[in-house]
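So the structure is just underneath, and the comments pick up after that.
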2 protein chains.
Amino acid sequence: MVNTETIAGTTQSLDGDAEQRILDAAHLVFVRRGTAGARMQEIADEAGVNKALLHYYFRSKSGLADAVFKRVARGVFGRLTEVASSDAPLEDKVRRIVAVYLEQLGRAPFVPGYIIGELSQHPERAQQLMETVRQFTDGAMPPVFLEGLRTQVDEAVRGGRIRPMTSEQFVANLVSLCVFPFAARPLLCAVLGMDADGFEAFLEDRRTALPEFFLNAIRP
Amino acid sequence: MVNTETIAGTTQSLDGDAEQRILDAAHLVFVRRGTAGARMQEIADEAGVNKALLHYYFRSKSGLADAVFKRVARGVFGRLTEVASSDAPLEDKVRRIVAVYLEQLGRAPFVPGYIIGELSQHPERAQQLMETVRQFTDGAMPPVFLEGLRTQVDEAVRGGRIRPMTSEQFVANLVSLCVFPFAARPLLCAVLGMDADGFEAFLEDRRTALPEFFLNAIRP
DNA sequence: GTCTATATTGTGATAGAC
DNA sequence: GTCTATCACAATATAGAC
């Protein structure tokens with residue numbers, strides 16, 4: 001992997017300064033191995049710098065792990081916020097959320113497993129997730145994330161345009177159906193007898209099958 | 001925690017012999033901390049035995065971790081196989097799978113996060129999962145797990161009793177909706193602004209809301 | 001089978017030269 | 001800012017008494 005280049009007489013990265021390279025490398029390693037399983041040495045190698053430099057910039061492994069977790073959380077929820085808070089009608093919104101997540105997670109398939117594993121093993125991550133989420137809700141407390149989508153659901157229920165259900169169940173179902181197949185990909189492959197090609201075909205089918213399934217589920 | 005008692009002049013556990021106690025303790029610790037985050041010392045303390053005894057029975061940490069993973073996998077898939085391979089009609093089966101999982105995972109809420117985290121971080125776990133699953137399918141290869149349920153779905157589609165969909169999508173959707181809220185409990189709480197009580201109420205609601213949702217989704 | 005004590009390695013972190 | 005060298009301790013694993 002070529003990640004350094006001589007520019008104007010100094011050794012410089014193609015991807016930015018050292019701090020950024022370290023963060024990128026840490027992102028890669030922490031997401032694949034989890035916080036407990038990650039090694040500072042592996043991150044240093046991946047970034048092409050010395051181990052000591054990680055501590056110079058981030059003080060400790062825990063500090064670096066926190067930075068990565070928040071960065072991953074922002075990436076995941078940023079896109080969701082963007083789509084969910086638009087003023088599109090409910091049905092369009094469902095289609096777009098499905099499309100965005102299937103495409104995004106198809107390119108970063110380790111992210112759901114990482115986030116779930118972290119939340120399961122490190123209770124303090126829940127707090128950090130709340131703080132990250134709050135950034136997208138103008139600091140409102142309790143965090144009213146996805147409030148636009150949720151009021152839309154409540155109104156559609158009152159108007160009889162969708163089946164009666166709480167907005168919590170609506171959101172939980174939508175997120176479950178989008179994210180779980182990536183988080184549990186090896187599990188699904190084992191249970192359904194699929195190989196890598198089979199899973200790709202499954203995902204391709206899902207792009208149209210999932211919106212149909214969900215929209216039919218909420219039809220009155 | 002009292003876990004030893006003098007019986008007939010020898011020190012004996014209330015919960016069985018030492019090997020069993022170690023496995024129980026390891027189960028507890030590995031599921032909560034993940035394989036990389038678990039410590040042999042903590043398992044020994046939890047089992048009430050010396051650290052060296054873990055190696056006497058299981059040779060290495062990796063050996064103990066494998067034993068626990070397979071045990072957890074058997075527990076999860078055993079119940080699912082039992083319900084899915086019964087001869088109940090499809091709608092009843094859906095209701096029972098939902099009921100079984102919401103009840104079972106309500107009592108072992110760390111299990112989904114553990115399995116997903118393991119699969120995400122240790123590629124060799126996928127292979128071990130396949131082997132475990134194969135135990136429930138009489139060694140058929142490729143594993144035809146849930147074959148009873150899947151043919152039932154295919155027949156219902158052909159008969160027009162449910163909407164057209166592949167049995168893969170059917171199973172993936174059902175499992176996603178049952179398992180994900182437990183795996184991502186802290187995430188859902190953050191995103192929906194729920195505390196512990198709120199989540200309990202959400203689960204209680206879900207016991208009736210989820211079967212309704214799913215059955216409506218597959219209605220023609 | 002179970003323990004105490006110890007070996008051995010792995011790993012996060014720091015000191016100090018450049 | 002970045003490196004080399006090293007420390008300090010945590011954690012797995014083993015030897016050997018009982």
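Below, read A as the first sequence line, B as the second, and so on, with proteins coming before strands; counting in each chain starts at 1.
With sequence neighbours excluded, no residue satisfies side chain to side chain donor-acceptor pair (under 3.5 Å) with A/His122. Every side chain to side chain donor-acceptor pair (under 3.5 Å) that A/Arg95 has, sequence neighbours left out, goes to A/Glu91. Qualifying side chain to side chain contact (heavy atoms under 4.5 Å, CB included) partners for A/Leu203, counting only residues two or more places apart in sequence or in other chains: A/Phe182, A/Phe199.
Each end of the helix from C/dG1-D/dC18 to C/dC18-D/dG1 gets its own axis from five base pairs, and the two axes differ in direction by 0°, given to 10 degrees.
Salt bridge A/Glu168/A/Arg150: present, at least one basic N to carboxylate O contact under 4.0 Å.
Backbone-only engagement by A/Ala38 is indicated by non-hydrogen atom pairs under 4.0 Å involving sugar-phosphate atoms exclusively.
Atom CE of B/Met40 is separated from atom P of C/dT9 by 18 Å (rounded to the nearest Å). As a whole-Å value, the separation of A/Asp66 CG from C/dG12 C1' is 15 Å. Going from atom CD of B/Gln41 over to atom P of C/dC3 covers 12 Å, rounded to whole Å. Between A/Asp45 atom CG and D/dC3 atom P there is a gap of 12 Å when expressed in whole angstrom units. Between the CD atom of B/Glu42 and the P atom of D/dT12 there is a distance of 11 Å, rounded to whole Å. The CD-C1' distance, from A/Gln20 to D/dT2, rounds to 18 Å in whole Å.
Checked against the 6.0 Å centroid criterion, the rings of B/Phe110 and B/Phe30 do not qualify as a close aromatic pair.
Applying the salt bridge (charged side-chain N to carboxylate O under 4.0 Å, His left out) test to pairs two or more places apart or on separate chains, none has a residue in residues 171-195 of chain A.
Remark: the backbone N or O of A/Leu54 is not paired with any side-chain donor or acceptor of A/Lys61 at under 3.5 angstrom.
Contacts between residues 49-64 of chain A and DNA chain C, defined by a heavy-atom separation under 4.0 Å, are made by A/Lys51, A/Ala52, A/His55, A/Ser60, A/Lys61.
Annotation: B/Arg33, atom CZ; neighbour count of heavy atoms from other residues, nucleotides and ligands within 6.0 Å does not exceed 12.
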